[in-house]
Amino acid sequence: MAVPIEEAIAALSTFSLEDDQPEVQGPGFWVSAEGGATISPIEYSDVAAYRLSLSEDTKAINQLNTLIQEGKEMGSVLYTYRSCVKALPQLPDSMKQSQADLYLETYQVLDLEMSRLREIQRWQASAASKLAADMQRFSRPERRINGPTVTHLWSMLKLLDVLIQLDHLKNAKASIPNDFSWYKRTFTQVSVQWQDTDSMREELDDLQIFLSTRWAILLNLHVEMFRVNNVEDILQVLIVFIVESLELNFALLFPERYTLLRVLPVLVVLAASSEKDSESLYKRVKINRLINIFKNDPVVPAFPDLHLSPAAILKELSTYFPKFSAQTRLLTLPAPHELPLREAQEYPFSRQYLIVNHIGAIRAEHDDFTVRFASAMSQLVLLKSIDGVDVEWVKEVKGNTYDMVVEGFQLLSRWTARVWEQCAWKFSRPCKDPVPMESHDMPASFSDYEKVVRYNYNAEERKALVELVSYIKSIGSMMQKVDTSVTDALWETIHAEVQDFVQNTLATMLRTTFRKKKDLSRILSDMRTLSADWMANTSMPETEMQSYPHSGEESRGTLFYSRPVAPTSAQVHCLQFLIYEVVSGGNMRKPGGIFGNSGSEIPINDLKQLETFFYKLGFFLHVLDYTATLGTLTDLGFLWFREFYLESSRVIQFPIECSLPWMLVDHVIKSPIIGLLESALMSFDIYNDAAQQALVILKQRFLYDEIEAEVDNCFDIFVLKLCETIFTYYKSWAASELLDPSFLFAIDIGEKFAVQPMRFVALLKTTRVKLLGRTINLRSLIADRMNKMFRDNLEFLFDRFESQDLCAIVELEMLLDILQLTHELLSKDLTIDSFNLMLNEMQENVSLVSYSSRLASQIWTEMQNDFLPNFILCNTTQRFVRSARVPPVPVQKPSVPYAKPNFYCGTPDLNSAYQSFARLYCGFFGVPHMFSLVKLLGSRSLPWLIRALLDNISNKITTVEPMITGLQEALPKSIGLLPFDGGISGCMRLAKEHLSCWHSKSELKAEVLCGIKEIGSILYWMGLLDIVLREVDTRQFMQTAPWLGLIPGADGQILHSQEGEDSPMVTLFKSATTATMSNPNCTNPTSFHTISRQAEAADLLYKANINTGSVLEYALAFTSAALDKYCSKWSAAPKTGFIDITTSKDFYRIFSGLQIEYLEESVQLQSNTYEMLGDSVAWGGCTIIYLLGQQLHFELFDFSHQVLNVAEVESVAISPTQKNPNFLQGIEGLLEAMKKARRLNNHVFSMLKARCPLEDKQACAIKQSGAPLHRIKFENTVSAFETLPQKGA
C-alpha cells in the first residue's frame, strides 16, 4: 500500500541530519558564485519602465559599473604581478653563440606580460576620459538631465578609487619597470631584422613614460577633467557627499567607507588645483572637517599588504599640483611613519587601531548578540510551527529578525574593519627592534615582512586577533546556517517597510505638507507608482484600488498583507533619486548637504522620515543579498597575502613562521588560556578565504598553489602540535592524579603540581574540517597520531629502562602507570587502540606462543651482565646493592635517550616530583622492585624468567665444578681438627698451613666465590619473588574467595564453606537464569543458559589457581636436582663406612676454607673483600651444603667454627690481665667477622629447614652407631614448565 505524500514528508521531517560536532569553523559557502542583488543582472535596464527621465543616468551608471569591474581585474593583474626577469636563465660563456636565441625566447615571454601592461595603459586612458566626460555632463550651468543620483555618485567614486589604486600599485611595483627595461633591451636585439618597427617603438616609449611617471593615471585624469570649466561643482558635490557620509556613518559596510577615505584626499587636491576658484570648496566644507577626517584615519587599507596614508598622498601630490601646495594646514598633517613612538601609541585620538584596546567591548557585543540572535531564531521557529497566530505578533517577530540580521551585518562590518585597520597600522609602523618570541630563534637579519608581521604582534595582540577572528567566523557561521529560515521574514519585513512608507507615510504627506506643491506632489506620486504593491492592499475594493492613484482622497491607516516580495535594485535606485529630488530639488549647489539643508521648506518631522527611509533603502539591497553580504563581511583572506613584501624582499616565499594565519594558530596551541584552543580551526578559515580570493577575485592559480602548499604543511604541523598539547595535558593530568596525596599535603607548593583544566572535547569530536574544498576527519587524524605517540612513548620508556640498571624497574612501573591512566582518561573522549595491545606490541609479545617479552629479556640480560656479577646482598635489609668492586669488563649499555617532558610525566614540575620518588629506589634492589617486576611481567613472562634463572644456576654449578675439583686436588691428604692447646694463634697458623696449597690459585678461588655468590643471589632473589607472589596471591584470594565459597582453615588450609554444593557465584547465576526463564516475556533464554555455564567454567578456573606452589621451594628442588650430577665428587661416601674426619675433601671443606680465607683477608688487609661479595656467598654455599646433606659436617669441621670454639675456651681460661692488647687488637676483628658469618650461616640453614625440610629425605644422616645413610634424591624434573612442587606432596 502506497504511503500518502503528506505522511512521507512528515516522516522525513522527523529525521535529523545533524550530528554532535561542535561549531569550530566559520561559514562554508565559499563555493557559491551566484550573483546577488547588489550586482543587478539586468543592470538597471528596467528603470525606463518607470518613466522617470533617468535613462541617461542609468546608462552612465551601467557604463561606470562595467569600467569598475574591468578596473578591478586590472588591479588584480598589477597586484599579483611578479618579476619574470628573476626566472630568466643566464647562459655560461661556453654558450654565448646561443645568445640570440635566448633574447628571442626572453622577448616572447616578456611580451605577454607587457601586453597586459599596455592593456592597462589603454584602459586607464579610456576610463579617465569616460569619467571626466560623465562629470562634465553634470557641471554645466543649465541642468538638462536628471541626476546624478546617489547610485551615480557611488559609481563615480568607485571608479575613481579603482584608478587611484591602479596608480598606487604601479608606483609600488618595482618589478614592473625592471621587467620593462629587460623587455626593451631584448626588443632592441631582436628587432634588428624586423621591418617597420617605428610604431612599436612609439608604443614602447609611451609605455615607458606611463610606467616611469608617478601618478601618471591621476595626472591624465586631471587633464581630462579640466578640458572644460565648471567641473569644480561636481568635485565639490562628491567631496560634500563623502564628508557627510563619513560623519553620519552613511557608509553601511566597511569597503564603502574605505572607498570614501581613499578618494577624499585626491578629490581635495583636484578641487583645490582648479583654475577657477579653489577656495570655494572650503566655503561648502570647512577645512577643519577635512583635517578631522584625515586625523582620525591616518592609515587607510587599500590592499592586503599595502596601505594608503591621506597625509602622505597630500604631501606627494602637492609637488604635482602647485596650486595645492599653498594649503599648509593640510600639508602639515603627519604621516603614520613620521610619528614619534610615544605619540604613535596615543594616536589617533578618537580611534585606536589596536584590537587589544577594544576586545573587551567586542567580547560583550558578541555574547549579547549571540543570545539575542538565538532568541530571535527560536521565536521564528516557534512562529512557523503555530497556525492562526496574531498578525501583530507575526509582524513583531519578523521585524525583530530583520533587526537582528541588520545588527549582525553591522557588527561583522565593524569587526572586520578593525582587522583591516590594525593590519594597515602595523604595516605603517614596522617593528624597529625585533625581539624573537623564542630565545633560540635569533636570525642574523630580519626581513621587512618579519618586522611588520612576525615581530610586530605581541602575545596580547595575537590573542585579541584570534578572539576577533573567532567571533567574526562564529557569528558568520551562525547567520549562514539560518539563511533559508530567515529569507521569507527578511523579504516580508522589507516589503512591509516599503509599503508602509509609500502607502501610509507618503499618503499623509500628500494630504498635509505637499498638498499645494504640485511639483513635489508629482514626485511623491511617482514614488508610489513605482513601488506601491496595491495587490496586497486590503483596505479598499479592487475598483477603488484601480482608481486610487488618480484620486486625491486618501484613506487613513491603509492595511496590506506582508508578502515576500522585495524591491528590485532599480526600484531602490529610483526611490533614492526621488527622495533626493524632493529634499534638494535637484540643486547640487545648495549648502548643507542632502538632509542638512536649512533652507528647505519641508518640516523637520517629514524630513526626518524621508531621511530614515532613504538610509534604509541603502541597506535593503545588502540584506536581500544575504549570502554575498555575509561572505564579504566574514572574508579575512587578506591576512595571508604578501605580494608587495615578496617583491621588496626579493624572495620566492616567506617561511610559515611569518604567515599571520599560522602565527595565530601557533599562538592558540601554545597559549595556556583554556577557552582559546577551540578557536584554532577558526584561523584556518583565513586560508579558505585567501584561496577563494586567489581563484575568484585575483584569478591566479599560482597563488592558490602557494596557499595549498602552505595549508598542507601548516595543517600537518597543527595536528602534530595539537596532539602534543593534548598528550601533554592528559599525561600531566594522569601524573597529578597518581601523585601521593601525603606528599602534596606535606609541601607548601602543592598547587604547582595541579593541572589546569582544558577543553579538548570540541576538537576531539570534530570529524569534518573544511579546508580548501576538502573535508578532513580531524578526529581520525588525532586518533592515529595518538596511537603513534603512545607507542613511541612506550618505546622510549623501554629504551630508557634498557639504558639503566635493574633498579630502574620501579621508575618504569610508575611511568607506565601514568601512561596507562593517560590512555584511560583520553579514551573517554577519543577512540584509540587498547593499551594492552600497544604494550604487547612494544614488548614483542603479541604471538600466542611467545612466553618471553622484550622486558623479560632485558631483565634477564641485565641480571646476567650486571646484577648477578656486580650486586651484593645485604641480608639484614633484604636488599641488593651495587658492589664497590670495579667490574673487569665494563657493562656496555646504550646512552639514555632524550625525550620531551611529556614522555615522562607531562610538565617539568611533575617530572621533578616523580624523579625525586624514583631516586629513592635507584640505589638498591629489594621488595618494592620485585613488586614492580611481578606486575610488569605478569603471569605470562614471569615463568620464562624463572626458568632462565634456574638454568643459570645449573650452568653456574657446571662452571664451578672443575674449579672446585682443582681446589680439592690441591688440598693436603690429611686435615685434622684444630687443637685447643695451641690457642687462637695456633689454630689460625695450622689452618693457614692446611690452606697454603691454595696460594697459587687466587684467581681460581675468586672465580669459585663469584660463582657461589651468583648462585646465592639467584636463590635469595627467588625468595624475594616468593614473598611478593604470596602477597599477590593472598590479595587475589581475598577478592575471589567470597565468590568461590572458600574460607581459610585453622592450619592454613583452604576449606569450602559448603561441601558438595555450588559456589555462591554459580548459585547466583543459576537462580537468575531460573527466574528469567520463568518469566513469559523472556525472548532469548539461551543466552542466560550460556551465562550460567560460563559461571561454572570460571568457578573451576579460579579454584584451580588457588593452591599455588612456592617459587623458592621449587628453586631449591631444582638446585638439588642439578647437584645430583656432582654428588659423587662433592659428597663422596666414606670408604670406611664411618665419618671421615681427616681425609674428607667434600664441598663443605672447600667452602670452609674459602670462607675463612676471605674473612681473614677482609680483616687483616683492611680490604673490602666482604663488601665486594656480600651475604650471597653464604646463601649460595650454605644452600649447596644443605642440599648435599653436609650441614652437620660443616658445623663440626668448619675452620671458623673451630676457631670460635677455641676462642671461647681461651677467653675463659686466660684472665684479663694476661691478655696481650696488641694481639687482641688484630684478632678481635677476625673473631667478630667469624661470629657474623656463623650467625648468617645458621640463619640460612634455619630458613632452608623451614622451606625445604629434609626429615624424610635426609642425606648423609648419621645413625647412633656412626654409619651414614645414603642420600635420597628429590623426585622432580629440571623443567620449569612442570607443575611446581606442592607443599606436603
Atom NZ of residue position Lys788 - does it have more than 12 heavy atoms of other residues, nucleotides or ligands inside 6.0 Å?
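No, the 6.0 Å shell around NZ holds no more than 12 heavy atoms from other groups.
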Is it true that, when you exclude Tyr402 itself, more than 12 heavy atoms of the residues, nucleotides or ligands shown sit nearer than 6.0 Å to its OH?
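Yes - once you tally the heavy atoms of other residues, nucleotides and ligands closer than 6.0 Å, there are more than 12.
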Tell me which pairs pass ring pair (Phe, Tyr, Trp, His ring centres under 6.0 Å) where either residue lies in residues 764-785, with sequence neighbours left out.
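Those involving residues 764-785 do not exist here.
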Which heavy-atom pair separates [X] from [Y] by the least distance, and what is that distance?
X      : Y      : answer
Tyr729 : Pro757 : OH-CA, 3.5 Å
Ala417 : Phe254 : CB-CB, 3.6 Å
Gly637 : Asp689 : N-CB, 3.2 Å
Ala735 : Tyr914 : O-OH, 2.7 Å
His823 : Ile832 : CD2-CD1, 3.5 Å
Leu677 : Ile669 : CD1-CA, 4.2 Å

Can you tell me how the ring of [X] sits relative to the ring of [Y], calling it parallel under 30°, perpendicular over 60° and tilted otherwise?
X      : Y      : result
Phe835 : Phe790 : perpendicular
Tyr904 : Phe796 : perpendicular
Phe684 : Phe718 : perpendicular
Tyr626 : Phe409 : tilted

Please identify each residue that fulfils salt bridge (Lys or Arg N to Asp or Glu O under 4.0 Å) with Glu708, with sequence neighbours left out.
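Partners of Glu708 under the salt bridge (Lys or Arg N to Asp or Glu O under 4.0 Å) test: none.
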Just jot down the salt bridge (Lys or Arg N to Asp or Glu O under 4.0 Å) partners of Asp784, sequence neighbours excluded, or say none.
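Asp784: no salt bridge (Lys or Arg N to Asp or Glu O under 4.0 Å) contacts found.
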Assess whether a salt bridge exists between [X] and [Y], defined as any Lys/Arg side-chain N lying under 4.0 Å from an Asp/Glu carboxylate O.
X      : Y      : value
Lys384 : Asp488 : no
Arg454 : Glu657 : no
Arg372 : Asp403 : no

With a 4.5 Å heavy-atom cut-off, do [X] and [Y] have their side chains touching?
X      : Y      : answer
Leu636 : Asp685 : no
Arg791 : Asn787 : yes
Trp662 : Pro655 : no

Looking only at the side chains, is there a donor atom on one of Ser916 and Arg919 sitting less than 3.5 Å from an acceptor on the other?
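Yes - a donor-acceptor pair under 3.5 Å links their side chains.
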Does either side chain, that of Trp640 or that of Gln693, offer a donor lying less than 3.5 Å from an acceptor on the other one?
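Side-chain D/A pair, Trp640 to Gln693: absent.
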Should Cys905 and Phe753 be marked as a side-chain contact (heavy atoms from CB on, under 4.5 Å) after you check the CA-CA gap, both sets of side-chain angles, and the distance that decides it?
CA-CA 11 Å; Cys905 304; Phe753 300 113; over 6 Å; no
Pick out which of Lys426, His667, Gln422 makes a side chain to side chain donor-acceptor pair (under 3.5 Å) with Glu461.
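Passing option: Lys426.
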Residue among Glu841, Glu795, Glu844 satisfying salt bridge (Lys or Arg N to Asp or Glu O under 4.0 Å) with Arg854
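With Arg854 as partner, Glu841, Glu795, Glu844 yield a single salt bridge (Lys or Arg N to Asp or Glu O under 4.0 Å), made by Glu795.
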I'd like to know if the side chain of Asn840 and the backbone of Asn836 have a donor-acceptor N/O pair within less than 3.5 Å.
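Checked: pair present.
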